[in-house]
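Okay, structure first, notes after.
Just so it is clear, the values below take in all heavy atoms, side chains as well, and ignore hydrogens, waters and symmetry mates. Each chain gets a letter, A, B and so on, in the order the sequences are listed, and its residues count up from 1.
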Number of protein chains: 2
Amino acid sequence: MTAVTVKQDTASTVQCMKAMSDPTRLLIMKLVQKKAYCVCQFVDMFEMSQPAISQHLRKLKMAGLVREERRGQWRFFSMNDEFGAHDLVLSILNQLDDEDETLRAIQSKETAVSCD
Amino acid sequence: MTAVTVKQDTASTVQCMKAMSDPTRLLIMKLVQKKAYCVCQFVDMFEMSQPAISQHLRKLKMAGLVREERRGQWRFFSMNDEFGAHDLVLSILNQLDDEDETLRAIQSKETAVSCD
DNA sequence: GAATTATATAACCAAAGACTTATATAATGG
DNA sequence: CCATTATATAAGTCTTTGGTTATATAATTC
């Protein structure tokens, strides 16, 4: 297991961190680390309006942290593991407790999507 | 060398990340990782007004990332290594390139303080 | 092709951020 | 004690952010 890390410059580090410095987006990243989710699933899990979720996802996508894939009428989002600061993303997510209350609460609200 | 990491909950992770999600504060953290600096040194290095620097330092201090120490008329700031999310801070700083242009430029402007 | 479902986008708003200038505080040195 | 130096704080401004509601777009189903 090599631990060689791709170093980032100040601007990209800040951009990546800003994208993740929000509870909703941080948890979305934690979730997409495991598998892809569609917008409506996030809407249910975070109990947040569809436009609000959509805008959070747009930020993550614009920053390069996630990737979007269309499946029928759904749009699935997953972690972009080719992202330049991918190592930074991983080390941040790695510091986040998997037993965290907020995370647990959100995961428990996961709903299935027809196309699954 | 143990790599056991103290996990953080969502709220503290976000709080810590927000404190560092600014180029000035990120670089201040990178600097204080090595040694303590006083306010006037940051003012010179970042070519930023004294109140602006003072406010950035207050944010870092309020969030628990740095520690303040008075030496005569100066106030020195250093990394708080007893901070709960200290590991998170370190892994973020570790991802930041030491050869980064912005960092280099700032370091080159370091000035001495009489009391040193 | 009309209704439904999933999503994005636009326009708006309140709160938070990052500065500014002006002023207060506190230690130092004559 | 007074002037100087280092720093903090207050108040104001402008921008960014994270939500809202309303509407547009696009695929699916009947």
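Under a 4.0 Å N-O distance rule, the pair B:E68/B:R58 does not qualify as a salt bridge. B:R71 and B:E69 are joined by a salt bridge, as a carboxylate oxygen and a charged side-chain nitrogen come within less than 4.0 angstrom of each other. Salt bridge status for A:K30 with A:D98: present, with a side-chain N to carboxylate O gap under 4.0 Å. Between B:K7 and B:D87, no side-chain nitrogen of the basic residue sits less than 4.0 Å from a carboxylate oxygen of the acidic one, so the salt-bridge criterion is not met.
Within 4.0 Å (heavy atoms only), B:F77 reaches sugar-phosphate atoms of the nucleic acid but no base atom.
For B:T24, the side-chain atoms get nearest to C:dC19 when compared with the rest of D:dG18, C:dC19, C:dT9. Residue B:W74 places its side chain closer to D:dA6 than to any other of D:dA6, D:dA26, C:dA8. Closest contact between the side chain of A:C38 and the listed nucleotides C:dG17, C:dT7, D:dA8 involves C:dT7.
For the pair A:D22 CG and C:dA15 P, the computed distance is 17 Å after rounding to whole Å. Atom pair B:Q50:CD and C:dT25:P shows a separation of 15 Å (rounding to whole Å applied). The CD atom of B:Q55 sits 9 Å away from the P atom of C:dT20 (whole-angstrom rounding). Per the geometry, CZ belonging to A:R25 stands 4 Å off P belonging to D:dG18, to the nearest Å. In this structure, CZ of A:F76 is placed 16 Å from P of D:dA27, rounded to the nearest angstrom. The distance between atom CG of A:L57 and atom P of C:dA6, rounded to the nearest whole Å, is 16 Å. To the nearest angstrom, C1' of C:dA18 lies 16 Å from CG of B:L27. In this structure, A:H56 places its NE2 atom 9 Å from P of D:dT20, rounding to the nearest Å.
Mapping A:C40 and A:K18 onto DNA chain C by nearest heavy atom places A:C40 at the nucleotide closer to the 5' end. Sequence order on DNA chain D of the closest nucleotides to A:A52 and A:R75 puts A:A52 first from the 5' end. Place A:Q73 and A:M48 on DNA chain D by their nearest nucleotides, and A:M48 ends up nearer the 5' end.
In this structure, CD in B:Q33 is found 5.0 Å from CG in B:L93, a value given to the nearest 0.5 Å.
In this structure, B:S54 does not reach the D:dT7 phosphate: none of its side-chain N or O atoms is under 4.0 Å from OP1 or OP2. Here B:R71 does not reach the OP1 or OP2 of D:dA6: none of its side-chain N or O atoms lies under 4.0 Å away. Within the 4.0 Å cut-off from OP1 or OP2 of D:dT9, at least one side-chain nitrogen or oxygen of B:R58 is found.
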